[in-house]
Structures are given as C-alpha cells and as structure tokens.
Amino acid sequence: MSRLTLETLQAMKTQGEKIAVLTAYDASFAAMLDENGVDAFIVGDSLGMVCQGHDSTLPVTMDDMVYHSANVVRGSQRSYVIVDLPYQSYTTPEQTLTNAQRLIDEGGAQMVKLEGGQKQLANIAVLVEQGIPVCGHLGLEPQSVKELGGYKVQGRDEDSASRILEDAKSLQQAGIQILVLECIPAALGKLISDTLTIPVIGIGAGVDCDGQVLVTYDMLGISRGHKAKFVKNFAQSQNNLDDAIRAYVDAVKQGQYPGPEHSYQ
Ligand code: KIV
C-alpha cells in the first residue's frame with residue numbers, strides 16, 4: 001500500500017471531504033491509526049508532554065523528533081506523515097534547512113511543520129526552494145507559550161484575529177501546503193479555511209476547518225491533567241481502541257466533531 005500524498009489531501013479539500021488527522025509517536029499506535037482510516041499523522045512535539053512528561057513542548061530535541069518519526073513511519077503504510085520541527089530548531093534559514101532535511105532523510109517525514117507567521121517567511125522560503133513540503137501552525141503556538149503567557153485561546157479580539165488571518169495568507173503565499181490552526185474562535189477558523197486554497201486543519205478551531213487533528217492520547221482519554229474544551233474522549237462510548245479511532249474518523253468526516261461544546265466563540 002502506498003502513502004496518501006499531498007495531492008490527495010488537497011483534492012479532499014477541493015471536493016469537500018474532511019481530513020481526519022491524529023498525532024502519532026510510535027509504531028504500534030501508528031499501525032492502529034493507519035488501519036482505522038486516519039488520513040494523516042502529525043508526529044507532534046506534544047510528545048514532550050504526553051510521552052516524556054514535560055509541562056511544555058520546549059525541551060523536545062531534533063533527536064527526539066527523528067527517533068519518533070522513524071518509529072511512526074516504520075509502523076504505518078498509508079497515512080501522510082507531517083513532523084514537527086521542535087523549539088529552537090529553525091532560528092535561521094540554514095538551520096531550518098539542515099533540520100528539515102534530517103526529518104525527511106532520517107525520520108521519513110513527508111512534510112515538516114513549523115510554528116509562526118511573518119517571522120517564518122525566510123525559513124519557509126528556503127524549504128520551498130529546496131522542494132520540502134511545509135505545514136504552518138498559527139493561533140495558539142505552543143512553542144511560544146512563555147510569550148503568550150499560557151495556553152490561551154488566540155484571535156478573540158479584532159486585531160489579533162486579523163493578524164492571524166493576514167499571517168495565514170502570507171504563509172500560503174510563501175508556499176506552505178497545509179496549515180494547522182490551534183485554539184481560535186470557530187468563526188475565524190471558518191474564515192481562514194474559506195479564504196485559503198490549501199487544506200486547513202483545526203484543533204480547537206471549529207467544525208468548518210477542512211480537517212481536524214487531536215492529540216491521540218487526549219482522543220482516547222489516556223492523558224491526565226487539564227482537559228481543553230476542544231478535546232473529546234472517543235474511547236468513552238466504544239468497546240475497544242479500533243472502534244474509538246473509527247468513531248473519531250467518522251465524526252470528523254461527517255462534520256459531527258467538533259460540536260459547539262468543543263468550540264470557542
Ligand atoms: O505537537 C502537536 O501535537 C501539534 C498539534 C497541533 C497536533 O502540533
């Protein structure tokens with residue numbers, strides 16, 4: 001079986017088919033997600049919190065990302081694989097290119113993800129020039145949690161909403177091919193998804209994004225501690241993990257998740 005391609009994900013947006021995405025960090029989970037119809041994985045630096053027990057994503061290293069990505073790729077066959085560039089791994093275009101190349105060559109990534117708007121344009125340019133597919137990440141940017149003063153909903157006032165929208169347009173113009181939007185009002189998620197031609201994947205960004213992503217451990221009710229409003233435990237009403245993953249994929253595809261109770265105003 002060959003992996004889904006960017007063209008497939010782009011066609012899903014064009015045809016109005018929702019894209020079901022989950023995080024993956026290891027081979028066994030990747031195999032299970034893959035077999036149950038997940039379209040794409042994000043090998044997220046959230047692994048720093050859910051696998052390593054840190055209280056943020058900041059301690060995650062390039063070696064960690066390469067290690068987890070390679071495990072996920074070995075365990076799966078079909079899902080498209082997006083891998084996070086971790087904190088401080090893309091501070092200059094040269095460093096960005098070196099590290100992105102590592103995620104692709106050693107980690108088997110199909111696309112790399114980085115957080116931020118205007119300040120990332122030079123880093124994105126060098127990746128696009130070298131033919132490396134890039135995913136952007138706007139809204140709540142967990143690698144900037146210290147500057148943001150915590151894990152807070154973004155884009156609630158007019159100024160910050162229009163900054164996020166303008167950033168989204170600039171990133172698309174710079175050549176990103178997927179955008180993740182985290183923790184923003186549902187109306188802003190819809191506006192950005194309708195404005196951009198590339199697939200927009202939401203996490204706490206409302207039902208009108210082109211697809212949804214959740215941290216798999218949150219979706220299965222494994223995570224402990226604070227539970228964000230947008231999280232739904234799909235294992236609660238299912239008999240086993242395969243059924244829970246299928247229930248998530250079906251709910252995303254049918255536009256039933258996230259509901260208003262999982263969305264911000
Ligand atoms: O690190 C992560 O898990 C993410 C989420 C948005 C999926 O980036």
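Both counts, for ligands and for their atoms, begin at 1 and track the order of listing. In this text the structure is predicted, and so the values were computed from the model without any measurement.
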Students should be able to answer this: which protein heavy-atom is nearest to atom 5 (C) of ligand 1, and at what distance?
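Scanning the protein heavy atoms, the shortest distance from atom 5 (C) of ligand 1 goes to Ile203 CD1, 4.4 Å.
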
Quick one: nearest non-hydrogen protein atom to atom 2 (C) of ligand 1, plus distance?
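Heavy-atom neighbour on the protein nearest atom 2 (C) of ligand 1: Ser46 OG, 3.2 Å.
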
Do any heavy atoms of Glu115 fall under 4.0 Å from ligand 1?
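Glu115: no contact with ligand 1 (<4.0 Å).
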
Minimal non-hydrogen separation, [X] against [Y], with atom names:
X      : Y      : result
Thr23  : Ser46  : CG2-OG, 4.2 Å
Cys135 : Met111 : CB-SD, 3.6 Å
Asp84  : Leu103 : O-CD1, 3.6 Å

Backbone or side chain, does any N or O of [X] fall under 3.5 Å from an N or O of ligand 1?
X      : answer
Glu182 : no
Thr23  : no
Asp45  : yes

Holding to side chain to side chain contact (heavy atoms under 4.5 Å, CB included), I want the full list of residues that pass it with Lys152, two or more places apart in sequence or in another chain.
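Scan of Lys152 (side chain to side chain contact (heavy atoms under 4.5 Å, CB included), adjacent residues dropped) gives Gln154.
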
Once you restrict to heavy atoms under 4.0 Å, what part of Thr57 touches ligand 1? Side chain, backbone, both or neither.
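Looking at Thr57 and ligand 1, no heavy atom falls under 4.0 Å.
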
Between Glu166 and Arg163 (salt bridge meaning N to carboxylate O under 4.0 Å), is one present in this structure?
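No, no charged N to carboxylate O under 4.0 Å.
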
Any salt bridge linking Arg246 with Asp250? Criterion: basic side-chain nitrogen under 4.0 Å from a carboxylate oxygen.
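A salt bridge is absent here (no side-chain N lies under 4.0 Å from a carboxylate O).
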
Numbered atoms and elements of ligand 1 in range of [X], under 4.0 angstrom, heavy atoms:
X      : answer
Lys113 : 4 (C), 8 (O)
Gly44  : 1 (O), 2 (C), 3 (O)
Val213 : 7 (C)
His137 : 6 (C), 8 (O)

Parallel under 30°, tilted from 30 to 60°, perpendicular over 60°: which one fits the rings of Tyr257 and His262?
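Tyr257 and His262: tilted rings.
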
Check the orientation of Tyr25 and Tyr217. Use parallel for under 30°, tilted for 30 to 60°, and perpendicular for over 60°.
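Aromatic pair Tyr25/Tyr217 classed perpendicular.
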
